[in-house]
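First the structure, in the form of structure tokens, and then the observations on it.
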Amino acid sequence: MTALWLKAALLPSGWQNDVRIEISGTLISAVIVGTPARPEDERADIGVPGLCNVHSHAFQRGMAGLAEHRGPSDDDFWSWREVMYRFLDRLDPDDVEAIAAMAYIEMLETGYTRVGEFHYLHNDPDGKRYQDPAEMAARVIGASEATGIGMTLLPVFYAHSDFGGAPPKHGQRRFLNDLDAFARLLGACEDILPTDGILGVAPHSLRAVTVEELRELVDMRRGAPLHIHAAEQLKEVEASLAFTGARPVEWLLANAGVDQHWCLIHATHLTEAETDALAASGAVAGLCPVTEANLGDGIFPAVRYLAAGGKISTGTDSNILIDPAQELRALEYSQRLSHRARNLLASEARPSVGRRIFDEAHAGGAQALGVTQGLAVGMSADLVVLDAKHPALYGRSGDQLLDSWIFAARANCVDAVWRAGRKLVSNGQHKDRENVWRRYKAVLDRILAL
Ligand code: ZN
């Protein structure tokens, strides 16, 4: 048994002082409030629960920053996607594992304790299937086991380049499956899932699957997390209207049985009616504000959606930058810029913006990744220790700590991270950072020289 004593901790009941958290194996076995530290306790200042990163394409971390110069055509999501296709042409399974491990270390070091890996790189560089259908999935699982981050694996079904079953393009050959091959992939993933790993399913988007395929995919893992990209770009909304007569989210809500197991990634372009209906569905909106800003996607209507009781979570998506505080900051700032007002994702009852969006992202993230979480007995011991001596946090208490972490600090507020009972990050650094960095560096040296 390990015991961690905290001056202050954010428990399900709110902020509490002098908190002793006992950890047995991977789980929290006791939480005692208002108690002095014992000599054997590890002491820390401020403890908050770890966050779920609901949407990651880990391999894209290796190309972060390489698509930030202006190209010959209109520079939007679609030109970024061309750079991404060229980058992934070069990656073998070892490369993907090395890049994913580096990304997962950055996630842990910034306060994420579980990742939803939206995994769509299945085939070899020629587009041929590997002998083991889970060859690539095993690599992202391997990276999660090597770094210790919790894994909700979301194998992606991708078969078409546009609505109506349009044939796939050359750049998409590494993603493709048919339903039989995909069922084999899910079976193979089940066999290699880590102890507290969760296996969901991810129809890529309404562009990449037909209506019939979507129906079968929903049936393949009923009750498990189901993630889908929806309404990220206006071009997709227009194509959906042209093909189905409905907008993507409108169509999903009317036809696909969207419920609390679903996570709609982005859901950027919503009418007011769609916003309210999505909020009422019980599904989670998987927002990726940093990537959405980077790609020029648009702004999610978070004020209306939260007022309607909608559930949100955040993800790092393209991994252009990995940091939950920056995602939450970008989420609030996008609302401020579009509404020309301040403190929008708060309410009279919940006046701290930082606390409100942290709580929403924590609860929605856990729901979207199929886990229950928090600093309570029986939960996985996933805990983030903030550094009370960081200039941005000094002299703060309670919700001010979250407001200052999210809005006033650069990246180095996280002092330590515990995940499934193990202390993986100390003094802001993951214990295996050096090894993972060396391997990552060797991969980048090689593929960037190609
Ligand atoms: Zn994505």
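Order of appearance sets the numbers: ligands from 1, and atoms from 1 within every ligand. What you are looking at is a predicted structure, and each value in this text was computed from that prediction instead of being measured.
- A donor-acceptor pair shorter than 3.5 Å cannot be found between the side chains of Ser347 and Arg356.
- Side chains of Glu117 and Ser56: a donor on one and an acceptor on the other come within 3.5 Å.
- Looking only at its N/O/S atoms, Asp317 has OD1 as the one nearest to the Zn ion (ligand 1).
- Remark: the His57 side chain and the His55 side chain contain an N/O donor-acceptor pair separated by less than 3.5 Å.
- A donor and an acceptor atom, one from each side chain of Asn294 and Glu68, are located under 3.5 Å apart.
- Here His55 meets the criterion, with an N, O or S atom under 2.8 Å of the Zn ion (ligand 1).
- With a cut-off of 2.8 Å, the Zn ion (ligand 1) has an N, O or S atom of His57 in range.
- The Zn ion (ligand 1) lies at 2.8 Å or more from every N, O or S atom belonging to Glu232.
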